[in-house]
Amino acid sequence: MLPDLTAAVALLALTAYVVLGGADFGAGFWDLTAGGAQRGAPVRAMIKRAMSPVWEANHVWLIFLLVVLWTGFPEAFGSITSTLAIPLFVAALGIVLRGGAFALKGEAATIAEARALGATFALASVIVPFFLGAAAGAIAAGEVPVGNARGDEWSSWTQSTSILVGALAVAAGAHLAAVFLGADSRRAGETELVHAFRVRALGSGVVAGALAIAGLLVVRSDVPGLYDDLTSGAGLACVLASGAAGLVTLWLEWRERFELARYTAAAAVGAIVAGWAVAQEPYLLPPDLTVHEAAAPDATLVALLVATGLGMLILIPALTWLFRLALSGRLVYEDKPRP
Amino acid sequence: MIDGVLGGPVDQDYLLQARQMQAMSFAVHIPLVCFGIAFPAMVLFLEGLWLRTGDPLYRALAKRWSKAMLILFAVGVVTGTILSFEMGLLWPEFMATFADVFGLAFLIEGYSFFIEAIFIAIYVYGWERLSPRTHIAAGVPMVLAGITGSLMVISVNGWMNHPTGFSIRNGEVVDVKPLAALFNDNLWHELVHMYLAGFIVAGFLVAGVYAFGWLRGRRDRHHRIGLVVALSVAALAAPAQLLVGDWAARTVAERQPVKLAAFEGLEETTKGAPFSLPGGIEIPKLLSLLAFHDPNATVTGLDSVPEDDRPPTDIVKLSFRLMVFIGSGLAALGAWFAWLWWRRGRLPRSLWFYRALVAAGPAALVALIAGWVTTEVGRQPWVVYHVMRTESAVTGASGIPVGFAALGLVYLGLATVAFVMLRRLSRPPLEVGS
């Protein structure tokens with residue numbers, strides 16, 4: 001019971017990070033592909049405006065996930081970080097470059113500076129989800145044995161499941177970002193941007209869906225056990241739910257109902273994460289280490305769960321307030337004081 | 001002693017590089033923590049002055065500082081993330097074996113970090129469209145979370161130096177008591193020491209910026225207020241730090257006698273131990289007096305443990321002295337200002353004061369890092385004091401030198417750009433609304 005609850009907390013943090021943090025990385029993808037300095041300026045300005053007040057809070061979900069993992073499942077954490085040191089370190093470097101460049105590019109004084117920082121921000125925004133996704137794919141594929149760097153440091157995360165999950169992470173983030181930014185643009189009354197992000201949301205939605213299906217096919221040949229669990233019982237339910245939510249999102253985008261699309265897009269992505277967890281259950285590190293075997297002693301889990309519960313009582317109202325203020329356009333930095 | 005649950009020590013040719021990489025990452029992050037501790041309180045103080053007096057200059061200055069605060073926070077977020085990753089990437093055996101003992105602290109730190117991120121964003125982006133009362137109220141959680149966050153990280157460090165809340169049976173960690181680990185005996189003195197250090201570093205660095213302007217003739221009211229607010233914080237904290245330092249040293253003398261011996265390079269256990277100054281001068285019995293408040297107390301020497309169990313004395317000794325020397329100088333500088341301000345109600349006139357102030361910020365940074373080197377290198381060769389050796393904790397993965405170099409380059413770039421941008425932010429004249 002306690003280990004399962006702890007795993008549920010980790011899953012919640014992971015889902016929140018994939019949806020909220022993923023959308024911020026996706027915004028970086030659209031920044032990267034927005035075109036030249038002139039043509040891409042409106043898209044980039046919208047991204048900056050939407051991301052600035054929330055990206056740090058969204059990023060903290062990753063830290064929260066790491067902490068729950070190492071406190072609740074220390075043995076698994078040490079095994080993961082030692083075998084998957086390369087993709088995780090590249091992702092960590094990418095996080096520094098992405099966050100640093102985003103925070104500092106607002107002060108850029110010349111076009112060249114803005115370009116260099118913008119490019120760093122945008123490129124790193126693609127690198128981070130890819131490598132984190134590849135690391136997740138390695139765990140799903142059963143490439144992480146228990147032990148200090150016991151798995152292969154390269155082949156563990158360069159197999160096809162990892163590559164596909166990495167690509168899916170990039171595409172899903174881009175899709176979420178386009179949906180969110182489209183809704184934000186509508187709220188801001190930027191008609192042309194609404195159109196631009198709608199096209200992007202539709203396109204990236206199709207790509208993400210195709211990658212998800214391709215992922216299933218790869219898993220079928222490479223990790224048959226996982227495939228069986230994804231295509232039966234609760235795993236199948238998640239896969240179908242994700243597909244359905246994805247289709248509804250595309251329909252909502254088509255009908256220009258952007259606010260609702262935010263939630264269905266998040267559900268489509270969240271259901272993939274949940275499906276992975278359900279399919280892997282009872283294993284934390286397949287094929288050997290179960291959630292129960294990996295769990296910390298009860299005293300630690302009780303402390304962790306109580307602290308998590310109490311913390312959420314503060315966190316949820318605070319986050320709600322932040323998102324409300326941000327979505328209603330009340331969090332905008334203006335250099336000149338208003339008269 | 002314990003080897004760990006992942007299978008015990010591995011061959012790792014680059015243990016020293018792993019330690020240096022970790023040290024570099026801390027050295028980059030810790031100055032930003034100082035700003036996380038002190039800057040929100042300073043900004044809120046200025047905003048409070050504005051609300052009380054209605055003088056728009058206070059508001060304009062608070063707003064500008066808040067923007068610098070946000071940039072420093074963002075850089076702190078990403079460099080802090082590196083630390084979270086490195087815990088696992090460099091020391092997987094340490095985490096696998098002990099994270100269930102001390103992890104609770106990081107969970108609370110995680111929440112603090114959330115609250116800080118949320119309210120810093122609301123505060124900095126809410127200047128124009130929130131009511132003044134709501135705005136300053138949003139600043140309060142930001143200050144509190146800065147305190148609880150550092151409290152929790154310090155708790156883990158205190159625990160590594162004085163591990164409690166578990167037992168070892170047959171080489172395994174059992175009887176885990178997370179709360180006992182969280183509230184370990186080292187927590188309070190380390191917390192107060194670091195908290196004051198935060199105010200000293202941030203205060204002197206910000207004051208130094210204005211002192212630099214002062215020396216170049218920028219002495220308007222804006223510069224005067226910026227200087228006085230930042231300097232007041234540092235001037236009060238720096239002398240108090242001497243007392244806290246004494247408390248910390250006595251705790252080390254009691255609980256980690258070998259570390260204290262390394263502070264002073266004391267080879268042999270000595271009754272009435274002298275304090276040696278650079279140049280070979282010895283003051284009789286002073287070390288015993290300082291460490292135990294008793295001139296005839298016996299101070300444990302390095303020879304009390306085998307050579308393998310001693311920290312690298314030269315580094316510890318040098319960094320300890322650097323910290324004490326700079327800390328004393330900063331206390332004197334702070335006292336100079338505090339005395340004049342209190343008795344005469346004015347700033348010092350001597351240009352040397354402002355020159356010293358420009359140097360004080362970077363010097364405080366050096367003292368801060370030296371202090372952490374003192375305690376962390378002084379902890380060696382243990383990652384968990386007297387329980388797990390650092391060499392047992394290290395990863396078996398290859399490529400540490402490559403990672404070290406890559407991170408070093410990224411940090412160099414980040415530091416350069418951040419410095420240029422912050423400098424640019426401080427340049428234009430303040431836009432004061434009505």
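Quantities reported herein were computed from a predicted structural model and do not represent experimental measurements. The figures that follow rest on heavy atoms only: side chains count, while hydrogens, waters and symmetry mates do not. Protein chains get the first letters and strands the later ones, always in sequence-line order, with residue 1 at the start of each.
Distance alone, capped at 3.5 Å, places no donor-acceptor pair between the A:S82 side chain and the B:P92 backbone.
In this structure, CG in B:L407 is found 6.0 Å from CG in A:L93, a value given to the nearest 0.5 Å. Considering OG1 of A:T81 and CE of B:M87, their distance stands at 10.5 Å, rounded to 0.5 Å. Interatomic distance, CZ of A:F64 versus OG of B:S84, reported as 13.0 Å (0.5 Å rounding). Here CD1 of A:I86 is found 6.0 Å from OG of B:S398. Values are rounded to the nearest 0.5 Å. One distance of note links OG1 of A:T300 with CG of B:L104; it measures 8.5 Å at 0.5 Å rounding. Atom CZ of B:F114 is separated from atom CD of A:E56 by 12.5 Å, given to the nearest 0.5 angstrom.
With a threshold of 4.5 angstrom between heavy atoms, A:F77 approaches chain B through side-chain atoms but not through N, CA, C or O. Proximity to chain B (any heavy atom under 4.5 Å) is restricted, for A:V67, to the side chain, taken from C-beta onward. Of the two parts of A:L66, only the side chain, counted from C-beta on, holds a non-hydrogen atom closer than 4.5 Å to a non-hydrogen atom of chain B. Contacts between A:L322 and chain B at a heavy-atom distance below 4.5 Å involve backbone atoms as well as side-chain atoms.
Ring orientation note: the planes of B:F119 and A:W321 are tilted relative to one another, at an angle of 30° to 60°.
Closest heavy-atom contact between B:I115 and A:A318: CD1-CB, 4.1 Å. Contact between B:R424 and A:E107 at its shortest, heavy atoms only, is NH1-O, 2.8 Å.
Contacts with chain A were tallied for B:I71, B:V124, B:T81, B:V10; B:T81 has the most, counting heavy-atom pairs under 4.5 Å. Options B:A121, B:A117, B:A99 differ in how many heavy-atom pairs under 4.5 Å they form with chain A, and the most are formed by B:A99. Top candidate by heavy-atom pairs under 4.5 Å with chain A, chosen from B:L422, B:T79, B:V417, is B:V417.
Between A:E75 and the choices B:D100, B:T97, B:L6, the side chain to side chain contact (heavy atoms under 4.5 Å, CB included) rule is met once, by B:L6.
Counting non-hydrogen atoms of other residues, nucleotides and ligands closer than 6.0 Å to OH of A:Y17 gives a total above 12. Atom CD1 of A:I111 has 12 or fewer neighbouring heavy atoms from other residues, nucleotides or ligands inside a 6.0 Å radius.
For the salt bridge (Lys or Arg N to Asp or Glu O under 4.0 Å) test, no residue two or more places apart in sequence or in another chain qualifies with A:E293. Here B:R427 pairs with nothing under the side chain to side chain donor-acceptor pair (under 3.5 Å) rule; sequence neighbours left out.
In this structure the side chain of B:F106 never reaches within 4.5 angstrom of the side chain of A:I63, judged on heavy atoms. Proximity of A:V96 to B:Y411: side-chain heavy atoms (C-beta onward) are separated by under 4.5 Å at one or more points. By the 4.5 Å heavy-atom criterion applied to side chains, A:L310 and B:Y111 are not counted as neighbours.
Of residues 301-309 of chain A, those residues with a non-hydrogen atom less than 4.5 Å from any non-hydrogen atom of chain B are, in numerical order, A:A303, A:L304, A:A307, A:T308. Within residues 114-124 of chain A, the residues having any heavy atom closer than 4.5 Å to a heavy atom of chain B are A:L117, listed by residue number.
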